Amino acid sequence: MNPTTEFASHRTSGHLLEVRGVSRRFGGFLAVDNVSVRVNRGEILGIAGPNGAGKSTLFNLISGVPFGPTAGEVIFDGRRIDQMPAHKIARCGLRRTFQAEQLFPTLSVSDNVAVACHYLGGRGRSAKTSAESALETVGIMKYRDVPAGEIPLLAKKKLMIASALVAQPRLLMLDEPAGGLNNEDQADLILLLRELQKGGLTLLIIEHVLSLLRELANRMIILSSGELLAEGSPDAVLSDPQVLEAYLGKAAA
Ligand code: ADP
Ligand code: MG
């Protein structure tokens, strides 16, 4: 296959990310079932749905971390990435954070980001300069010498974002970035995410805090039992009777 031709053939779509009919099977169980979604350049796409709907798995399939899809295609900026190893996908300009806190608690905040930079193969500027610029961007420079395990929850969330930003991605995928935050901290996080979007970043955000998606997302999708249940503006999607039923149904179960 000629990679240049392949690149050219997908480029006309204009979407930064195109997920085409991806599935992930675990034994007899389909965690993600034939999901297709397109993400425009510069938009924030919100992803919601009941627990176990396949949201985090969809992030796995797109980022290749820790695994890709068992069926379907993922096209990022005109290149097919679903068959690439995860480190190559990252180099295309796509980063994700994880739902669980992922940091080195005894290392300083600054060293956490420097480690991420080194691991991601940051080039050009030194790891330290890149780390400080990422900390500046998310607004946690004042904690730079503090062990990451000792900083407030909001700062930890921002540290995870900084560790992803240090690779200068074009698409940032956040898995429940607001989990556990109070209203004031959520508002602060919303401001940061909006700033990142203004700076040209495209964002995919999985979130249970629907008010955050209502405020931030240009469009939303809802997953339920591995399938795409709804897609549209936050207001339309969050008032869709099918969506309400999927949430209430799970809550009542
Ligand atoms: P969500 O993030 O929407 O809460 P997940 O994507 O984490 O849901 O999980 C979707 C479903 O896939 C769940 O039923 C989960 O148990 C299952 N699942 C996820 N990862 C694995 C795995 N590595 N092996 C087996 N089952 C998995
Ligand atoms: Mg999840």
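Count residues from 1 along the sequence. None of these values were measured; they are calculated from a predicted model.
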Between [X] and [Y], is any pair of side-chain heavy atoms under 4.5 Å apart?
{"X": "Val22", "Y": "Val32", "result": "yes"}
{"X": "Thr202", "Y": "Leu45", "result": "no"}
{"X": "Ser23", "Y": "Val35", "result": "no"}
{"X": "Lys55", "Y": "His208", "result": "yes"}
{"X": "Leu229", "Y": "Asp240", "result": "no"}
{"X": "Leu213", "Y": "Val209", "result": "no"}
{"X": "Met220", "Y": "Ser233", "result": "no"}
{"X": "Leu204", "Y": "Leu172", "result": "no"}

Over all heavy atoms of both residues, which pair between [X] and [Y] is shortest? Give the atoms and the distance, please.
{"X": "Ala162", "Y": "Ala134", "value": "O-CB, 3.6 Å"}
{"X": "Pro50", "Y": "Ala246", "value": "CG-O, 3.7 Å"}
{"X": "Asp235", "Y": "Arg214", "value": "OD1-NH1, 2.9 Å"}
{"X": "Gly46", "Y": "Ala217", "value": "N-CB, 3.8 Å"}
{"X": "Leu94", "Y": "Ile81", "value": "CD1-CD1, 3.9 Å"}
{"X": "Ala164", "Y": "Pro169", "value": "O-CD, 3.5 Å"}

To the nearest 0.5 Å, tell me how far [X] [atom1] sits from [Y] [atom2].
{"X": "Met173", "Y": "Ile205", "atom1": "CE", "atom2": "CD1", "answer": "11.5 Å"}
{"X": "Tyr247", "Y": "Leu238", "atom1": "OH", "atom2": "CG", "answer": "7.5 Å"}
{"X": "Leu135", "Y": "Leu159", "atom1": "CG", "atom2": "CG", "answer": "7.0 Å"}
{"X": "Met141", "Y": "Ser110", "atom1": "CE", "atom2": "OG", "answer": "7.5 Å"}
{"X": "Leu191", "Y": "Leu193", "atom1": "CG", "atom2": "CG", "answer": "9.0 Å"}
{"X": "Asn112", "Y": "Leu107", "atom1": "CG", "atom2": "CG", "answer": "5.5 Å"}

Cluster overlap [X] with [Y], hydrophobic side-chain contacts below 4.5 Å:
{"X": "Leu189", "Y": "Ile140", "result": "yes"}
{"X": "Ile62", "Y": "Ile206", "result": "yes"}
{"X": "Leu171", "Y": "Met160", "result": "no"}

- Of the options Val19, Val39, Leu16, which is the one that meets Phe76 in a side-chain contact (heavy atoms from CB on, under 4.5 Å)?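 Going through Val19, Val39, Leu16 one by one, the side-chain contact (heavy atoms from CB on, under 4.5 Å) with Phe76 is satisfied by Leu16 alone.
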
- Mind checking side chain to side chain contact (heavy atoms under 4.5 Å, CB included) for Arg25 and listing every partner two or more places apart, or none if nothing turns up?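 Per chain and number, Arg25 pairs via side chain to side chain contact (heavy atoms under 4.5 Å, CB included) with Leu30, Thr70.
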
Under the side-chain hydrogen bond (donor to acceptor under 3.5 Å, both in side chains) rule, collect the residues that match up with [X], sequence neighbours excluded.
{"X": "Lys157", "result": "none"}
{"X": "Asn182", "result": "none"}
{"X": "Asn34", "result": "none"}
{"X": "Glu231", "result": "Arg219"}

Side-chain atoms of residues 145-154: list all donor-acceptor pairs with protein atoms under 3.5 Å, sequence neighbours left out, distances to 0.1 Å.
none

- Message: Has Arg24 got a side-chain atom pairing as donor or acceptor with Leu58's backbone, closer than 3.5 angstrom?
- Response: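 Not confirmed, Arg24 side chain does not pair with Leu58 backbone.
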
- Task: For the pair Glu207 (side chain) and Ile47 (backbone), establish whether a donor and an acceptor sit closer than 3.5 Å, ignoring hydrogens and angles.
- Result: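 No: the side chain of Glu207 does not pair with the backbone of Ile47.
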
- Message: Please tell me whether His15 and Asp77 have a donor and an acceptor in their side chains that are separated by less than 3.5 angstrom.
- Response: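 No, no side-chain donor-acceptor contact under 3.5 Å.
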
- May I have all residue pairs that pass salt bridge (charged side-chain N to carboxylate O under 4.0 Å, His left out) and include part of residues 60-72, sequence neighbours excluded?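 Residue pairs with at least one partner in residues 60-72: there are none.
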
- Pairs in or reaching into residues 192-205: which pass salt bridge (charged side-chain N to carboxylate O under 4.0 Å, His left out), with residues at least two apart or in two chains?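 Qualifying pairs, neighbours excluded: Arg194-Glu215, Glu195-Lys198.
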
- Quick one: side-chain hydrogen bond (donor to acceptor under 3.5 Å, both in side chains) pairs with a partner in residues 56-67, sequence neighbours left out?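 For residues 56-67: Ser56-Gln99, Ser56-Asp175, Asn60-Arg96.
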
Hey, can you pull the donor-acceptor pairs under 3.5 Å for the side chains in residues 82-89, sequence neighbours left out?
| residue | atom | partner | partner atom | Å |
| --- | --- | --- | --- | --- |
| Asp82 | OD1 | Val74 | N | 2.8 |
| Asp82 | OD1 | Arg80 | NE | 2.8 |
| Asp82 | OD2 | Arg80 | NE | 3.3 |
| Asp82 | OD2 | Arg80 | NH2 | 2.9 |

- Task: Taking only Lys NZ, Arg NE, NH1 and NH2, and the carboxylate oxygens of Asp or Glu, determine whether Arg20 and Glu18 approach each other closer than 4.0 Å.
- Result: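 Counted as a salt bridge, because a side-chain N and a carboxylate O are separated by less than 4.0 Å.
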
- Task: Could you please spell out the steps behind the side-chain contact (heavy atoms from CB on, under 4.5 Å) verdict for Arg144 and Ser108?
- Result: CA-CA 6 Å; Arg144 88 180 144 179; Ser108 73; over 6 Å; no

- Message: Using side-chain contact (heavy atoms from CB on, under 4.5 Å), reason through Leu196 and Thr137 one step at a time and then give a plain yes or no.
- Response: CA-CA 9 Å; Leu196 293 178; Thr137 303; 3.8 Å; yes

- Item | Pairs where residues 18-73 contributes a residue and the test ring-ring contact (aromatic ring centres under 6.0 Å, His included) is met, not counting sequence neighbours |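 Counting only pairs at least two positions apart or across chains, the ring-ring contact (aromatic ring centres under 6.0 Å, His included) contacts touching residues 18-73 are Phe26-Phe67.
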
- Supply the members, apart from Val65, of the Ile/Leu/Val/Met/Phe/Trp/Tyr cluster built from side-chain contacts under 4.5 Å; use none for a lone residue.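 For the cluster that includes Val65, the remaining residues are Phe98.
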
